[in-house]
Protein chains: 2
Amino acid sequence: MSSIKEVAKQAHVSVATVSRVLNNDPVVKPATKNKVLQVIKEMNYKPNLLAKNLRKQASRTVVMVLPSMSNPYFSEIARGAQAAAYDKGYNIIIGTIESKRWILDTYINMLKTNLAEGIVFVSSSVSKELLETLVDEYSVVLCTEYYPGINAACVAIDNKKAGYEAARELIRRGHTHIAYIAGSSASSSVAARIEGYKEALNEAGIPFRPELIAGAKNKFEHVKEIVNGILGQGMQIDGILTHSDLQASYVLKGIKEKSIGLSDEVGLVSFDGTFVAEITNPTLTSIVQPLYDLGYTSVCKLIEKLQGESGDEEEGLILLPHHLEVRET
Amino acid sequence: MSSIKEVAKQAHVSVATVSRVLNNDPVVKPATKNKVLQVIKEMNYKPNLLAKNLRKQASRTVVMVLPSMSNPYFSEIARGAQAAAYDKGYNIIIGTIESKRWILDTYINMLKTNLAEGIVFVSSSVSKELLETLVDEYSVVLCTEYYPGINAACVAIDNKKAGYEAARELIRRGHTHIAYIAGSSASSSVAARIEGYKEALNEAGIPFRPELIAGAKNKFEHVKEIVNGILGQGMQIDGILTHSDLQASYVLKGIKEKSIGLSDEVGLVSFDGTFVAEITNPTLTSIVQPLYDLGYTSVCKLIEKLQGESGDEEEGLILLPHHLEVRET
DNA sequence: AATTATTTTGTAATCGATTACAAATCGGAA
DNA sequence: TTCCGATTTGTAATCGATTACAAAATAATT
């Protein structure tokens, strides 16, 4: 492997000059610059970034941690994140937890060992306690999930408004017994959406019934259990909100195979708006999140933070617009 | 940021000793080892991996390049790849091309600049020409797509057998006019599956008709166009094989909204077996690929290669088992 | 031509680890 | 005690870049 030293020797200049050429230092005389570039091309030289990174104490690498990869919701965020990193000239490591908590250490250690300069946590991929120990020392951005009291920027949608709009849509269609299949975690987005949901009920004069709310994982069996559980309590349901497209697809599946005792005329509105909403039969009405942009913006914010000189900026909530897409359900 | 030097000073030993402790060198006396470990803990010291990587000329990082992320087919491969990297103590960078060819350079440059030690190309994320220039100099593994004449290991399923089995299933059910919606690229897997398909036809005494084969992208509009094109030529179709679950879901969608002029009793078998096959209505009969294992094995092979002393091993085709999963279509 | 100012290049320290080799320490045998 | 070998530790070079500072080369000024 050719090094800068060999290039210097071949070009009859010092390593400093070669380095200057590599970094486009305008101080080098055009003649020498050309000579050096010539040699670089001839030798097919590429600088060793391990050395550069060490010297500059910067890896130009960021990490994005996702709960999982199998949900298209996350892939879309990751796609935006990759694009942002590319545009800003950074490398990005996309890591997933897959519900094995200890894997998170791998990614956090990248910060601690200088392999990465900053990190984006998507959804509930990290606990508040851990976050607290990180935000002071490292650059952290949150994506889709807000942690009150944590001093880190958060990029998300207005979940309360989204919950309100989703519920209002069902109410508009005349549904009044609306169940809410929330996400599994007690996250801020779930809480905010429920708030919005309540507000819509309230506005329509429909009493709020807590029995109609339950958390469920992105697993068919789990969703089925939850819905049947609510129905088993004798609750009449004519509308359902789900936290994700996948959950909604499971509801449809359950209805179809009659393992969920709902008529197929129940109103169904989901969150996310991934391609899943378009391949189910019937297709899903959903609150479409700007997933790509959420990923893109998160990484941009993080990199801005890394490059900004003063460390004490707003660190607020950055809300991106969502919209209701009415399809067949 | 604390360095090894400061640890050495605090512990009243040399940096060499600290380094030995960090690397579990059995030569250090237990007493000093404990003393050093104590200081490391007190100072909350973490070694700077940028320095270590430079010195050892190894980043313990590999790259996996995927055509895209939006297809669950690839996410599942990526999931396996991540697990393998984790198990082997490597970092992995998952990169997607998203049909912007120039992005590939980003990942290849990681090899050239010592940021990564090896690379896995999934599907047709790289051209044969480029591959040829890479395999001699770098460690390369191919995943799901084989390039004859290229000296790199390839992890895939037996596509010919899979094509045969898929077609045979439709024939078994009495279908004889079987269209094949191949992948968009002129890849080896497409060719192999078509070979198997032909073999099944041949075995059943059904004449092969090239008009029934067409490539299509993973886009609804494109699949619709292709299928309607075949039908427009007056071809009677009572069975369809698709290269992916997504394509099959588009066929179902087209049938349902009558934008594809097929009866809903047409036999449909897809490849992949992602979760998509389970959320469509009806659910998809498909050739299930061991996607997670394909990703896992690819990365393992790559790392083995990196760690192996002799560079000239078999480099052959590693075939993983697939199976036909009969669902509703 | 001599002096100064400016441009261009080179020398050497540095980033933070690893590791070959040398040196110190220790224990036991003569 | 003295010497030898084994164990343990330290010194310093090294990885390949960047960069402050010094030095050389060139241009401008008197």
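Residues from residues 16-23 of chain B with heavy atoms under 4.0 angstrom of DNA chain D, sorted by number: B:A16, B:T17, B:R20. Near DNA chain C, defined here as any heavy-atom distance below 4.0 Å, there are no residues from residues 26-40 of chain B.
Atom CG of B:L54 and atom P of C:dT14 are 17 Å apart (whole Å). Computed from coordinates, the A:R55 CZ to D:dT18 C1' distance equals 4 Å when rounded to whole Å. If you measure from atom NZ of B:K9 to atom P of D:dG10, you get 15 Å, rounded to the nearest angstrom. Rounding to whole angstrom units, NZ of residue A:K52 and C1' of C:dG16 are separated by 19 Å. Note: CG (B:N114) to P (D:dA17) measures 8 Å, nearest angstrom. In this structure, A:K5 atom NZ and C:dA12 atom P are separated by 13 Å, rounded to whole Å. Rounding to whole angstrom units, CE of residue B:M43 and P of C:dG16 are separated by 12 Å. Here C:dA17 presents its P atom at 17 Å from CG of B:D25, a figure rounded to the nearest Å.
Two residues, B:A51 and B:H12, neighbour DNA chain D, and the one matched to the more 5' nucleotide by heavy-atom proximity is B:H12. For the pair B:K56 and B:V15, nearest-nucleotide mapping onto DNA chain D gives the more 5' position to B:V15.
Atom NZ of A:K128 has more than 12 neighbouring heavy atoms from other residues, nucleotides or ligands inside a 6.0 Å radius.
Taking 4.5 Å as the limit, some side-chain heavy atom of A:L317 sits within range of a side-chain heavy atom of A:C154. Within the 4.5 Å cutoff, no side-chain heavy atoms of A:L115 are placed close to those of B:T61.
For the OP1/OP2 pair of C:dA17 and a distance below 4.0 Å, the side-chain nitrogens and oxygens of B:Y45 include at least one atom meeting the criterion. When the side-chain nitrogen and oxygen atoms of A:S14 are compared with OP1 and OP2 of C:dG10, one or more of them lie within a distance under 4.0 Å.
For A:Q10, the side-chain hydrogen bond (donor to acceptor under 3.5 Å, both in side chains) test picks out no residue, with sequence neighbours left out. Evaluation of the side-chain hydrogen bond (donor to acceptor under 3.5 Å, both in side chains) rule for A:R79 yields A:E76 as partners, not counting sequence neighbours. Legend: residues meeting side-chain hydrogen bond (donor to acceptor under 3.5 Å, both in side chains) with A:S127, ordered by chain and number and at least two apart, are absent. Evaluation of the side-chain hydrogen bond (donor to acceptor under 3.5 Å, both in side chains) rule for B:T274 yields B:D245 as partners, not counting sequence neighbours.
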>> Please evaluate residues B:F121 and B:Y107 with respect to the criterion side chain to side chain contact (heavy atoms under 4.5 Å, CB included), reporting the C-alpha separation (whole Å), side-chain torsions for both, the decisive distance (0.1 Å), and the verdict.
In response: CA-CA 10 Å; B:F121 292 107; B:Y107 301 111; over 6 Å; no
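Checked for salt-bridge contact, B:K9 and B:E6 miss the test: no charged N lies under 4.0 Å from a carboxylate O.
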